[in-house]
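Quantities reported herein were computed from a predicted structural model and do not represent experimental measurements.
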Amino acid sequence: MSARIIDGKAFAAGIRRRVADHVARLADQTGQVPGLAVVLVGEDPASQIYVRSKNRMTDECGMRSIEHRLPDTTTQAKLLDLIYALNGDEAVHGILVQLPLPAHLDPDLVIAAIDPLKDVDGFHVSNVGRLGTGQKSMVPCTPLGCLMMLRAHLGDLSGLDAVVLGRSNIVGKPMAQLLLRDSCTVTMAHSRTRDLAQVTRRADILVAAVGRPEMITGDYVKPGATIIDVGINRIERDGKQRLVGDCAFESCAEVAGAITPVPGGVGPMTIACLLANTVTAFCRARGLPEPEGLTA
């Protein structure tokens, strides 16, 4: 293996330290700290673990953590009423509704109800549109984390060829917009792209977010490329459950210049960037300078 491993866990810890430092300065300056409200509907086990982790890290960074747990019988109207109340709460600067929601709830209606200025997930159509037109917006956390790691590893991204594999609203599309803003030449590919290997072998930067375990092997990779593997896929191997990415790690690492592992790569950055977005939302609400190095 020749590729450098991009340690997302260590990188995320550094982001959280910077968030905590900025929160302490904001507390001294304003007498208030950013507040993050997380809404969890139902009993999904993975969501419960994720929410506990978010709440713990929010507290560790010195921010105010507000949790609302609702039963899976919660009606659309009751959930929307809670969101409207959080929109009007001056102590709440970020609102996150944990997905997936129970089947009877419409996630599009829920996301649309969140104040775009408090939409720290960056999913509101207003933020999506502003990102796509190069305006200031709240940026989805996972693509923001990917961009931070790319900038830290490569420095100036201007002029590099980037391929984003996957076209989801959560990762693929915003990732392409962020790379365009950093003056990359961007190609979006997906499961129906013809001769995918020919497309990906052009990439100085390859972001894999297609949700297919180990789809990308070393023969898809340009020598020396930087690979950001967003995929988190659970498979069974040698009689054990394992987490793997969208890239076959060993095969790709023989060719790439740098690669994120799974687990321990992009995953830890998502919560770190959620905290960063909450600080950014606080600063924008107060008309204060945005935290340096924590935004796109």
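Interatomic distance, T74 OG1 to R69 CZ, rounded to the nearest 0.5 Å: 12.5 Å. Between the CZ atom of R4 and the NE2 atom of H153 there is a distance of 5.5 Å, given to the nearest 0.5 Å. The CG atom of D21 lies 6.0 Å from the CZ atom of R25; values are rounded to the nearest 0.5 Å. Between atom CG of residue L131 and atom CZ of residue R181 there is a gap of 5.5 Å, rounded to the nearest 0.5 Å. With rounding to the nearest 0.5 angstrom, the CZ atom of R192 is 6.5 Å from the CZ atom of R167. Here the CE atom belonging to M57 is positioned 10.5 Å from the CG atom belonging to L274, to the nearest 0.5 angstrom.
For E290, the side chain to side chain donor-acceptor pair (under 3.5 Å) criterion is met by K136, R284, not counting sequence neighbours.
Panel note: side chain Q76, backbone D106; a donor-acceptor pair is recorded below 3.5 Å. A donor-acceptor pair under 3.5 Å is formed between the side chain of N87 and the backbone N or O of A113. Using modelled atom types, one side-chain atom of D204 and one backbone atom of D161 make a donor-acceptor pair closer than 3.5 Å. Side-chain atoms of D115 come within 3.5 Å of backbone N or O of L117 as a donor-acceptor pair. A donor-acceptor pair is defined here as one N or O able to donate and one able to accept, closer than 3.5 Å; such a pair exists between the side chain of R201 and the backbone of D219. S53 contributes no side-chain N or O that, together with a main-chain N or O of I49, makes up a donor-acceptor pair within less than 3.5 Å. A donor-acceptor pair is defined here as one N or O able to donate and one able to accept, closer than 3.5 Å; such a pair exists between the side chain of N127 and the backbone of M138. D72 contributes no side-chain N or O that, together with a main-chain N or O of P102, makes up a donor-acceptor pair within less than 3.5 Å. Side-chain atoms of S2 come within 3.5 Å of backbone N or O of E254 as a donor-acceptor pair. In this structure a side-chain-to-backbone donor-acceptor pair under 3.5 Å is missing from K9 to G264.
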Worksheet item: For F11 and I6, what are the C-alpha separation, side-chain angles and deciding distance, and is it a side chain to side chain contact (heavy atoms under 4.5 Å, CB included)?
Response: CA-CA 8 Å; F11 200 99; I6 301 175; 5.7 Å; no

Practice prompt. Begin from the C-alpha positions of S158 and D156 and carry the test side chain to side chain donor-acceptor pair (under 3.5 Å) through to its verdict.
Written response: CA-CA 6 Å; S158 178; D156 183 12; 4.5 Å; no

Worksheet item: Between T295 and V139, is a side chain to side chain contact (heavy atoms under 4.5 Å, CB included) present by the stated rule, with each step listed?
Response: CA-CA 8 Å; T295 63; V139 176; over 6 Å; no

Worksheet item: Can you check side chain to side chain contact (heavy atoms under 4.5 Å, CB included) on L36 and S65, steps first, answer last?
Response: CA-CA 5 Å; L36 172 62; S65 176; over 6 Å; no

Item to complete: Applying side chain to side chain contact (heavy atoms under 4.5 Å, CB included), run through T270 and Y50 and close with a yes or a no.
Response: CA-CA 11 Å; T270 299; Y50 198 44; 3.2 Å; yes

Practice prompt. For the pair Q32 and T30, evaluate side chain to side chain donor-acceptor pair (under 3.5 Å) and give the outcome as yes or no after the intermediate values.
Written response: CA-CA 5 Å; Q32 190 179 10; T30 69; 5.3 Å; no

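With a 6.0 Å radius and a threshold of 12 heavy atoms from other residues, nucleotides or ligands, Q241 has its CD atom above the threshold. Taking a 6.0 Å sphere around CD1 of I232, one finds it holds 12 or fewer heavy atoms contributed by other residues, nucleotides or ligands. The environment of Q135 atom CD is dense: over 12 non-hydrogen atoms of other residues, nucleotides or ligands sit within 6.0 angstrom.
Counting heavy atoms from C-beta outward, H68 and L86 have side chains that approach closer than 4.5 Å. Side-chain contact between V221 and T200 is absent, with no heavy-atom pair separated by less than 4.5 Å. A heavy-atom distance below 4.5 Å is found between the side chains of F282 and L288. In this structure, T278 and T58 have side chains that are not in contact, with every pair of non-hydrogen atoms separated by 4.5 Å or more. Inter-residue side-chain proximity for C141 and D121 is flagged as met; some heavy-atom pair is nearer than 4.5 Å. Using a 4.5 Å heavy-atom threshold, the side chains of L26 and R286 count as separate. By the 4.5 Å heavy-atom criterion applied to side chains, I66 and V92 are counted as neighbours. Counting only heavy atoms from C-beta outward, the side chains of V262 and V244 never approach each other to under 4.5 Å.
In terms of heavy-atom proximity, F123 sits nearest to P140 at CE2-CB, 4.2 Å. The heavy-atom pair separating T217 from A248 by the smallest distance is CG2-CB, 4.1 Å. Nearest heavy atom pair, residue M63 against residue V19, reads CE-CG1, 4.3 Å. Residue V279 comes nearest to H22 through the heavy atom pair CG1-CD2, 3.5 Å, listed as atom of the first residue, atom of the second, then distance. Counting all heavy atoms, side chain and backbone alike, S47 lies closest to P100 at OG-CD, 4.0 Å. Of all heavy-atom pairs between V163 and A203, the closest is CG2-CB, 3.6 Å.
Neither V186 nor L165 shares a network with the other; the hydrophobic side chains, linked directly or stepwise wherever heavy atoms of I, L, V, M, F, W or Y lie under 4.5 Å apart, form separate groups for each. Hydrophobic clustering (side-chain heavy atoms under 4.5 Å, transitive across Ile, Leu, Val, Met, Phe, Trp, Tyr) groups I228 together with M175. L160 and L206 are assigned to two separate hydrophobic clusters, defined by single-linkage of ILVMFWY side chains at heavy-atom distances under 4.5 Å. Criterion: ILVMFWY side-chain heavy atoms under 4.5 Å apart, direct or through other members. Under it, L179 and M269 are part of a common hydrophobic cluster. Residues I111 and L82 share a single hydrophobic cluster, defined by chaining ILVMFWY side chains whose heavy atoms lie under 4.5 Å apart.
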